[in-house]
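Here is the structure we will look at.
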Amino acid sequence: MNEERKTPEVRAQMTDIERLRHSASHVLATAILKIWPEAQFAAGPPVENGFYYDVDLPHRISPDDFEKIEAEMKKEIKANHPFERMEVSRDEALALGKKGRLAALSERHEPSRYKLDIIENIPPDEKISLYRNGDFIDLCAGPHVMRTGNIGAFKLTNVASAYYKGDEKNPQLQRVYGTAFKTKKELDDYFAMLEEAKKRDHRKLGRELELFVFDDDVGPGLPMFLPRGAVIAEELEKLAKETEFAAGYQRVRTPHIARDKLYKKSGHLPYYAGSMFPPMILREEDDQEVARKIEREIAELERQRFELELNSGSAMFHAKEESGEESRSAEVQKIIDVSKFKHEIDAKIECKRKQLEELGDRYYLKAMNCPHHHKLFAAVPRSYRDLPLRLAEYGTDYRYEKSGELFGLMRVRSLQMNDAHVYCTPEQFEAEFNAVNEMYLKYFKLFGIDKYLMRFSTHDPSKLGQKFVDEPELWKQTEEMTRRVLKDSGIDYVEVPNEAAFYGPKIDVQVWSVIGREFSIATNQVDFAQPRNFDLRYKDRDNIDKIPICIHRAPLGTHERFIGFLIEHYAGNFPLWLSPEQVRILTIGDEPKLIEYARSILSELRAHQVRAEIDESSDKINGKVQRAEQMKVHTMFVIGKRDMEADAVSVRVHGKGNLGAKPGADAIAEILLSIKERRP
RNA sequence: GCCGGCAUAGCUCAGCUGGUAGAGCAGCUGAUUUGUAAUCAGCAGGUCGUCGGUUCGAAUCCGACUGCCGGCUCCA
């Protein structure tokens with residue numbers, strides 16, 4: 001995380017547990033130095049569930065080393081050294097750093113290079129402080145616990161790599177993670193909680209509950225939904241369609257691919273190309289021939305270049321060998337000529353390659369639905385009377401996420417988005433924007449999502465033209481407008497710079513996966529750039545053509561991520577309306593009459609579109625119950641002779657146990673009502 | 001993409017320092033006729049991720065690739 005520097009005031013607000021963990025990270029560094037004195041340390045802060053310290057060390061630390069490191073840490077804790085704070089001048093700090101004394105047990109031959117860099121970045125007016133425990137002295141703003149002995153219980157958890165200051169261009173450091181608590185009990189509870197969390201991991205539940213799969217032959221990041229998972233997607237779609245219809249949206253449908261022209265216009269090609277799959281190139285017969293000709297020409301040029309390369313090699317050789325002044329300068333001249341030729345040939349090759357590229361049509365898989373929707377807006381002349389125009393589609397997009405970024409269903413390469421684009425006038429913006437936010441809140445209430453964070457992402461002026469469309473004025477205006485509406489609506493949000501979409505600021509709703517990763521689950525973006533690029537217009541009251549504002553919104557995010565999130569949120573125990581298998585009928589025995597009765601209940605349920613199954617196997621009732629419970633089937637109708645004779649069913653609900661017998665008609669009516677109302 | 005780790009049956013996992021594969025569950029077949037978290041028996045199932053190397057011999061050692069996992073970076 002490369003966030004701006006924490007001010008000393010912010011640091012002073014560290015909670016007790018953060019202070020303890022921060023101290024634990026110093027103890028970790030102390031221990032590592034006892035074993036590897038040459039270790040270079042960068043940063044070692046407390047984090048959400050523990051702490052880490054980034055270390056640069058030739059030895060690759062592995063979990064096998066943890067025991068050894070922990071033993072040293074225990075010694076340091078047992079020694080109960082006080083954490084002493086020392087304020088020093090910038091020069092003193094630099095001098096210590098140069099002697100390798102920072103984040104070290106003693107002076108060393110190598111300077112403390114990361115610490116020196118950190119000192120450079122401390123604002124001139126800020127005090128520089130060091131902390132000492134035992135022999136270990138570290139550049140550190142604090143605060144810490146009083147003594148190392150105050151660190152109650154700790155454990156190293158894993159080691160991973162991290163770029164220095166989170167920048168890909170910087171060296172990779174080893175990040176050793178650990179966690180610490182005041183007491184052993186809290187530590188144990190934490191690990192027990194982690195174990196529980198692992199059971200909710202959507203990747204594990206997805207396999208166990210047969211919701212979705214990945215297949216190597218299909219490709220990484222390309223999930224396929226099994227019937228039980230597809231059901232959830234369809235229920236979400238049903239929900240979205242109903243909600244959006246009521247809110248005045250209209251549904252559209254668009255293809256999954258488009259010509260490069262479209263994405264050049266939208267700005268995706270310059271700004272979003274890195275996230276798009278490479279294009280498919282379509283060439284007609286004529287083009288094919290031209291392409292072959294160009295390819296031959298390129299091959300010929302490359303051959304010439306190769307020969308030149310050989311010549312220049314021998315020229316170089318001669319220039320060294322020949323001792324005569326004149327002949328040497330002649331050879332030098334030759335070298336210069338050769339390199340000039342080479343450049344010329346390279347330029348020609350480059351040019352031919354370009355020609356080759358431009359031959360035929362290039363189609364891209366769509367990474368977003370907006371360009372297609374803009375075309376639909378433009379397809380019909382629009383008047384101010386048509387606005388706001390809300391075009392909705394559960395569109396399928398393909399994004400080339402880097403391999404290391406893929407994560408179960410939460411981060412994939414094919415995704416279906418609860419997408420819609422709202423085209424409106426500036427006067428309508430506020431109402432539309434708020435309506436979208438209200439839709440989020442409505443959904444969150446339905447799903448019982450109460451832990452989330454609204455992030456308002458704005459642009460970074462220094463990245464105009466690279467990451468963000470180069471329209472400084474429009475950025476400013478749009479961000480101000482959005483900020484004002486956000487403030488007026490009273491929604492709690494945090495503002496994060498440099499994370500806007502390339503075409504405008506956005507509001508994301510961030511949630512956390514069971515594993516503690518954060519994800520944007522819903523999004524709402526304001527687009528001032530694309531409507532211009534697409535020359536979208538509507539005829540206003542005053543008979544003048546005007547450009548609409550576009551709001552991109554996806555309250556349910558994508559099926560993939562939302563379902564992944566829901567699996568963890570419900571721990572696989574979906575409410576009835578979402579449950580892949582809503583009712584399973586378990587018969588006690590398989591006498592023909594009983595089976596007949598059970599099947600009549602099944603048909604009745606199915607006639608009402610209830611996802612019901614029947615288990616007619618020869619297992620004992622205990623076995624049938626066990627299997628239904630394991631698959632987290634929402635409701636079980638246990639049907640034996642007794643029930644048949646009373647025209648009843650015995651109802652069992654997953655997680656709630658046996659609820660007793662009930663007239664069949666009543667049980668079915670209750671099921672239908674719960675589904676219809678989408679009860680939690 | 002980068003750093004590190006891992007890859008044995010559909011799933012969960014055994015298989016010691018190289019001597020050519022094993023369990024439970026799931027599946028299939030049969031028996032059992034059941035009252036709320038596993039009835040019994042039998043059968044079948046694997047080119048040990050792929051390719052290459054070392055070796056008389058490789059699931060086991062080495063290398064490359066692919067995929068997954070933990071992070072970093074990036075995102076719905």
Side-chain angles (χ1 to χ4, degrees), chain A residues 1-2 52 54 60-64 157-177 201 203-204 207-208 210 213-217 219-221 272 274-275 367-368 397 399-412 415-419 457 467 499 501 506 508-511 515 517-525 552 554-562 564-565 586-591 594 617-630 636-643 650-655 657-661:
Chain A
M1 245 158 281
N2 194 10
Y52 65 78
D54 282 344
R60 290 257 151 235
I61 295 176
S62 85
D64 297 338
T157 50
N158 60 326
V159 55
S161 88
Y163 299 105
Y164 178 54
K165 290 184 174 171
D167 189 334
E168 269 180 292
K169 286 173 222 87
N170 286 337
Q172 275 198 321
L173 308 173
Q174 305 186 61
R175 179 167 291 179
V176 183
Y177 282 90
D201 188 329
R203 294 168 296 184
K204 184 174 153 65
R207 193 169 41 238
E208 287 171 359
E210 294 176 15
V213 288
F214 289 91
D215 186 289
D216 279 4
D217 289 345
Y272 205 74
S275 294
M368 293 187 195
D397 298 333
R399 297 185 182 174
Y400 189 78
E401 304 290 353
K402 290 191 255 168
S403 61
E405 288 162 353
L406 302 175
F407 179 73
L409 276 189
M410 303 289 208
R411 194 76 184 275
V412 290
L415 43 108
Q416 239 188 311
M417 187 149 25
N418 169 222
D419 213 357
S457 303
K467 196 172 160 184
E499 288 188 16
K506 63 177 182 180
D508 284 322
V509 181
Q510 184 181 305
V511 295
I515 316 294
R517 294 189 188 215
E518 52 184 60
F519 291 97
S520 291
I521 201 157
T523 186
N524 181 2
Q525 314 174 349
H552 304 232
L556 295 175
T558 63
H559 275 329
E560 289 73 14
R561 188 171 289 178
F562 204 77
F565 170 78
L586 314 177
T587 56
I588 302 175
D590 58 358
E591 275 158 38
L594 185 73
S617 70
S618 62
D619 283 290
K620 297 224 154 131
I621 188 62
N622 277 317
K624 295 187 186 186
V625 166
Q626 163 101 6
R627 278 200 310 215
E629 289 282 355
Q630 273 172 347
M636 288 148 271
F637 283 177
V638 176
I639 298 180
K641 221 186 211 161
R642 235 156 52 198
D643 302 290
S650 293
V651 180
R652 182 187 170 100
V653 172
H654 173 61
N658 186 0
L659 302 183

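Letters A, B, ... are given to chains in the order of the sequence lines, protein chains preceding strands, and every chain is numbered from 1. Hydrogens, waters and symmetry mates play no part in the numbers below; they use all other heavy atoms, side chains included.
- For B:U60 and B:U47, the P atoms lie 16 Å apart once the distance is rounded to whole Å.
- Here the side chain of A:Val412 is nearest to one of B:A76, B:C68, B:G70, namely B:A76.
- In terms of position on RNA chain B, the residue among A:Phe519 and A:Ile61 whose nearest nucleotide sits closer to the 5' end is A:Ile61.
- The base of B:G70 lies outside donor-acceptor range of the side chain of A:Tyr52, with no N or O pair under 3.5 Å.
- Contact annotation: side chain of A:Gln172 to base of B:C2, donor-acceptor pair present below 3.5 Å.
- The two residues A:Gly221 and A:Leu406 have their closest heavy-atom pair at N-CD1, 3.9 Å.
- A straight line from CG of A:Asp201 to P of B:C68 spans 14 Å, rounded to a whole angstrom.
- Look at CD on A:Glu405: it is 14 Å from P on B:C69, rounded to the nearest Å.
- The two residues A:Ile61 and A:Gln174 make their nearest non-hydrogen contact at N-OE1, 2.8 Å.
- The two residues A:Gly564 and A:Leu409 come nearest to each other via the heavy atoms N-CD1, 3.9 Å.
- Residue A:Arg411 places no side-chain N or O under 4.0 Å from the OP1 or OP2 atom of B:A76.
- When the P atom is used for both B:C6 and B:A14, the distance is 13 Å, rounded to whole Å.
- A:Asp215 places its CG atom 15 Å from the C1' atom of B:U50, with the value rounded to the nearest Å.
- Between the P atom of B:A76 and the CG atom of A:Leu406 lies a distance of 15 Å, rounded to the nearest Å.
- Rounded to whole Å, atom P of B:C74 lies 13 Å from atom CD of A:Glu401.
- Annotation: the span from A:Asp508 atom CG to A:Thr523 atom OG1 amounts to 4.0 Å, rounded to 0.5 Å.
- The number of heavy-atom neighbours closer than 6.0 Å to NZ of A:Lys467, taken from other residues, nucleotides and ligands shown, is above 12.
- The residue A:Ser403 sits close to a base: some heavy atom pair falls under 4.0 Å.
- Atom name C1', nucleotides B:C51 and B:U66: the rounded distance is 10 Å, in whole Å.
- A distance of about 14 Å separates the C1' atoms of B:G42 and B:U32, rounded to the whole Å.
- A:Thr157 contributes atom OG1, which lies 8.5 Å from atom OH of A:Tyr177 (distance to the nearest 0.5 angstrom).
- Following rounding to the nearest Å, A:Gln510 (CD) and B:C75 (P) show an atom-to-atom distance of 13 Å.
- Of the P atoms belonging to B:G10 and B:U50, the separation is 13 Å, rounded to the nearest Å.
- Distance noted for atom C1' between B:G18 and B:U54: 11 Å (whole Å).
- In terms of heavy-atom proximity, A:Met410 sits nearest to A:Arg561 at O-NE, 2.7 Å.
- A:Arg207 comes within 4.0 angstrom of sugar-phosphate atoms only, judged by non-hydrogen atoms across all strands, and of no base.
- Between A:Val412 and A:Leu415, the closest heavy-atom pair is O-CD2, 3.9 Å.
- Of the inter-residue distances, the one linking A:Gln510 atom CD with A:Ser457 atom OG reads 9.5 Å to the nearest 0.5 angstrom.
- At least one side-chain nitrogen or oxygen of A:Gln525 sits closer than 4.0 Å to the OP1 or OP2 atom of B:A76.
- Counting non-hydrogen atoms under 4.0 angstrom, A:Leu173 reaches nothing in the nucleic acid.
- Of the side-chain N and O atoms in A:Ser161, none sit less than 4.0 angstrom from OP1 or OP2 of B:G4.
- For A:Lys402, no side-chain nitrogen or oxygen approaches OP1 or OP2 of B:C72 to under 4.0 Å.
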*Test side-chain contact (heavy atoms from CB on, under 4.5 Å) applied to A:Glu560 and A:Arg411, step by step*: CA-CA 8 Å; A:Glu560 289 73 14; A:Arg411 194 76 184 275; over 6 Å; no
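- Here A:Arg399 contributes atom CZ and A:Thr558 contributes atom OG1; the two are 8.5 Å apart, rounded to the nearest 0.5 Å.
- When heavy atoms are screened at a 4.0 angstrom cut-off, A:Tyr177 is found touching the sugar-phosphate backbone but no base atom.
- Donor-acceptor pairing under 3.5 Å, judged by distance alone, is absent between the side chain of A:Arg399 and the base of B:C74.
- Among the heavy atoms of the strands lying under 4.0 Å from A:Phe407 are primed sugar atoms or P, OP1, OP2 only; no base atom is included.
- With both ends at atom C1', the span from B:U39 to B:A76 equals 49 Å, rounded to whole Å.
- Donor-acceptor pairing under 3.5 Å, judged by distance alone, is present between the side chain of A:Thr558 and the base of B:A76.
- Comparing A:Met417 and A:Gly221, the nucleotide of RNA chain B nearest to each residue sits closer to the 5' end for A:Gly221.
- Among the nucleotides B:G1, B:C75, B:C72, the one closest to the side chain of A:Lys506 is B:C75.
- Among the duplex regions that RNA chain B forms, those built from at least three successive Watson-Crick or G-U pairs under 3.5 Å are B:1-7 with B:66-72, B:10-13 with B:22-25, B:27-31 with B:39-43, B:49-53 with B:61-65, ordered by first number.
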*Using a 4.0 Å cut-off on protein heavy atoms (strictly under), produce a 5'-to-3' string for nucleotides 32-43 of chain B with B for base contact, S for backbone-only sugar-phosphate contact, and - for none.*
BBBBBBBB----
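- Across the P atoms, B:A59 and B:A9 are found 14 Å apart, a figure rounded to whole Å.
- Note: CG (A:Leu415) to P (B:C74) measures 19 Å, nearest angstrom.
- Among the atoms of the strands shown, none is found under 4.0 Å from any heavy atom of A:Lys204.
- Closest of all the heavy-atom pairs between A:Lys641 and A:Leu594 is N-CD1, 3.8 Å.
- Computed from coordinates, the A:Glu210 CD to B:C25 P distance equals 18 Å when rounded to whole Å.
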